[in-house]
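All chains are named by letter (A, B, ...) in the order of the sequence lines, taking the proteins before the strands, and each is independently numbered beginning at 1. In this text, all values refer to a predicted model and were calculated from it rather than measured experimentally.
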Protein chains: 2
Amino acid sequence: MARHDEVLIALRRIIRATDMYSRRLSKIAGLTAPQLLVMQAIARQGEMTMGDIADEVSLSQATITTILDRLEKRELIQRLRGSTDKRRVYAHLTESGTELLARAPTPLQEEFISRFASLSDWEQSLILSSLQRVAAMMNADDIDASPVLDLGAMDRAQPATDINEQRQRQTGAQPPAKTPAKHTFSEATRK
Amino acid sequence: MARHDEVLIALRRIIRATDMYSRRLSKIAGLTAPQLLVMQAIARQGEMTMGDIADEVSLSQATITTILDRLEKRELIQRLRGSTDKRRVYAHLTESGTELLARAPTPLQEEFISRFASLSDWEQSLILSSLQRVAAMMNADDIDASPVLDLGAMDRAQPATDINEQRQRQTGAQPPAKTPAKHTFSEATRK
DNA sequence: CTCTATTGTTTTGACATCTAACCTTTATGG
DNA sequence: CCATAAAGGTTAGATGTCAAAACAATAGAG
């Protein structure tokens, strides 16, 4: 078995564990992992537009919409249409949302966190940088995305012309603690 | 920002990249990543039951069912009820399934593979073992579920050496997945 | 001051996933 | 033998997720 096959297996296990924890979270805390992440982001900023949230948590806008739909239905967040720019929609936590969030656990398994914390410092940074490298290697081809790409593509899918479009949202992954900040939100000072 | 928060971010990026590649695969090759994995597994074994596949690719049986539903609808695989044991259902590739599979790319981004391959040997194994360790740390609490809630136990006495032991047979990978049962208790409560 | 391009969201349609509940069949204990 | 448990699959119901298309509102060009 090739090394990269083992990588794939490990990745799928990680992905699955993440998913299963999300479901467990949902049972014990009433929030799935993405819901929790989104709410934490909103709590940090006070109020955010859909696009801001999407950038912050690295999900598409469409996904944010559906997540907020569910949160809104449960009255954990509220949407407010922007007054100056009516295209924007601002989300903020409700009373009960804030409360629920306060009682919620972390979006990463406690078990994992404590195990990870018990590793020595150099082991932790080794693991972290490995993950970041993998992430970078996987996201990289997003950036250049060979403009031509395989012949086999055209005899099957007609579209296939859209590779350049998404170059707006890739964050380097190198700088440790750095909010992407591609979006300055200074809307309130509009005329 | 805490180390484990950075871990979380890296993980989410990896998960997202994996998902996006799956969609791209689906466009250029007509198969998503899980579909491809399932078909490759079947191709290797010739013929497999739902449960075998589930174990092999680390997904639940229900998921395999829905994936095979789609593949069967497109006539890429076929289901055959077992003759001796009629509970079993065997899946095998059809003519066109074999053909499509032959033309399909790898389930991991080529770009990633070549980047990974270009790393030195020790780097590769460093990354691989980091991933395997993360996977092991995340899946670990699956095993016990709730014996005690230690915390005080480990932060003092143990030099944290036995945490690594959990991953004994990961690298061997002969018997893949092996979800530790834990599922067999809630069955016959219907009545 | 219109007409059009751009920007921000939502909707649509398709997959992937899981748990829990439900069927079928086989295995087992009296 | 037969009732019941166990094993293998499928169905139902929820989420998450994305690309693309559809909408809505603002910004720009003439």
For this session: Considering just the side-chain nitrogens and oxygens of B:Thr63, establish if one lies under 4.0 Å of OP1 or OP2 belonging to C:dT17.
Result: no

For this session: Could you say whether B:Lys86 or A:Met48 is positioned toward the 5' end of DNA chain C, judged by the nucleotide with the nearest heavy atom to each?
Result: A:Met48

Problem set entry | Pairs touching residues 89-99 of chain A that satisfy salt bridge (Lys or Arg N to Asp or Glu O under 4.0 Å), sequence neighbours left out | none

Seminar exercise, completed: From CD1 of B:Ile53 across to C1' of D:dG8 the rounded distance in Å is 13 Å

Exercise. What is the distance, rounded to the nearest whole Å, between atom CD of A:Glu72 and atom C1' of C:dT11?
Worked result: 15 Å

Exercise. If you group Ile, Leu, Val, Met, Phe, Trp and Tyr by side-chain heavy-atom gaps below 4.5 Å, do A:Ile15 and A:Met20 land in one group?
Worked result: no

Problem set entry | Exam field: side chain B:Gln35 to backbone B:Ile67, donor-acceptor pair closer than 3.5 Å | no

Give the table of side-chain donor-acceptor pairs shorter than 3.5 Å for residues 76-83 of chain B, with sequence neighbours excluded, one pair per line with atom names and distance.
from	atom 1	to	atom 2	distance (Å)
B:Arg79	NH1	B:Asp69	OD1	3.0
B:Arg79	NH1	B:Glu72	OE1	2.6
B:Arg79	NH2	B:Thr65	O	3.3
B:Arg79	NH2	B:Asp69	OD1	3.0
B:Arg81	NE	B:Lys86	O	2.9

Using atom names, set out every protein N or O paired with an N or O of nucleotides 10-14 of chain D below 3.5 Å, distance rounded to 0.1 Å.
from	atom 1	to	atom 2	distance (Å)
D:dT10	OP1	B:Arg79	NE	3.2
D:dT10	OP2	B:Thr65	OG1	2.8

For this session: Considering just the side-chain nitrogens and oxygens of A:Ser60, establish if one lies under 4.0 Å of OP1 or OP2 belonging to D:dT17.
Result: no

Problem set entry | Positions of residues 25-36 of chain A (non-hydrogen atom under 4.0 Å from DNA chain C), listed by number | A:Lys27

Exercise. Within the structure shown, what part of the strands sits under 4.0 Å from B:Arg12 by heavy-atom distance: base, sugar-phosphate, or nothing?
Worked result: sugar-phosphate

For this session: Let me know the distance between CG of B:Asp19 and C1' of D:dA19, rounded to the nearest Å.
Result: 11 Å

Problem set entry | For atom CZ of A:Arg13 and atom C1' of C:dT17, their distance in whole Å | 18 Å

Seminar exercise, completed: Paired with A:Leu31, the side chain to side chain contact (heavy atoms under 4.5 Å, CB included) test is passed by just one of A:Arg74, A:Arg70, A:Arg103, namely A:Arg74

Seminar exercise, completed: Whole-Å distance, B:Leu37 CG to C:dC15 C1', equals 14 Å

Exercise. So, is B:Arg16 near the phosphate of D:dG16, with a side-chain N or O under 4.0 Å from OP1 or OP2?
Worked result: no

Exercise. Taking N and O atoms by type only, does the side chain of B:Arg87 place a donor or acceptor under 3.5 Å from a partner on the base of C:dT24?
Worked result: no

Problem set entry | Nucleotide C:dC18, atom C1' - distance to CZ of A:Arg24 in whole Å | 13 Å

For this session: Mind calculating the distance between CG (B:Leu68) and P (C:dT17) to the nearest angstrom?
Result: 12 Å

Exercise. 5'-most contact on DNA chain C: B:Ile67 or B:Ser83, nearest heavy atom basis?
Worked result: B:Ile67

Problem set entry | Toward the 5' end of DNA chain D, by each residue's nearest nucleotide, A:Asp85 or A:Ser22 | A:Ser22

Exercise. Which heavy atom of A:Arg3 sits nearest a heavy atom of B:Ser125, and at what distance?
Worked result: NH2-CB, 3.7 Å

For this session: Would you tell me if any nitrogen or oxygen in the side chain of A:Thr49 comes within less than 4.0 Å of OP1 or OP2 on C:dG8?
Result: no

Exercise. Separation of A:Asp55 atom CG from C:dT9 atom C1', in whole Å?
Worked result: 14 Å

For this session: Return the set of residues passing ring pair (Phe, Tyr, Trp, His ring centres under 6.0 Å) with B:Tyr90 (not counting sequence neighbours), or none when no residue passes.
Result: none

For this session: Count the heavy atoms of every other residue, nucleotide or ligand shown that sit under 6.0 Å from CD of B:Glu75, and state whether that count exceeds 12.
Result: no

Exercise. Got a sec, which pairs hit side chain to side chain donor-acceptor pair (under 3.5 Å) with one end in residues 42-52 of chain B, sequence neighbours left out?
Worked result: B:Arg44-B:Glu56, B:Thr49-B:Asp52

Seminar exercise, completed: Heavy-atom closest pair (B:Met50 atom, B:Ala91 atom, distance to 0.1 Å) is CE-CB, 4.1 Å

For this session: For B:Thr18, report the nucleic acid contact type (base, sugar-phosphate, nothing); a contact means any heavy atom under 4.0 Å.
Result: nothing

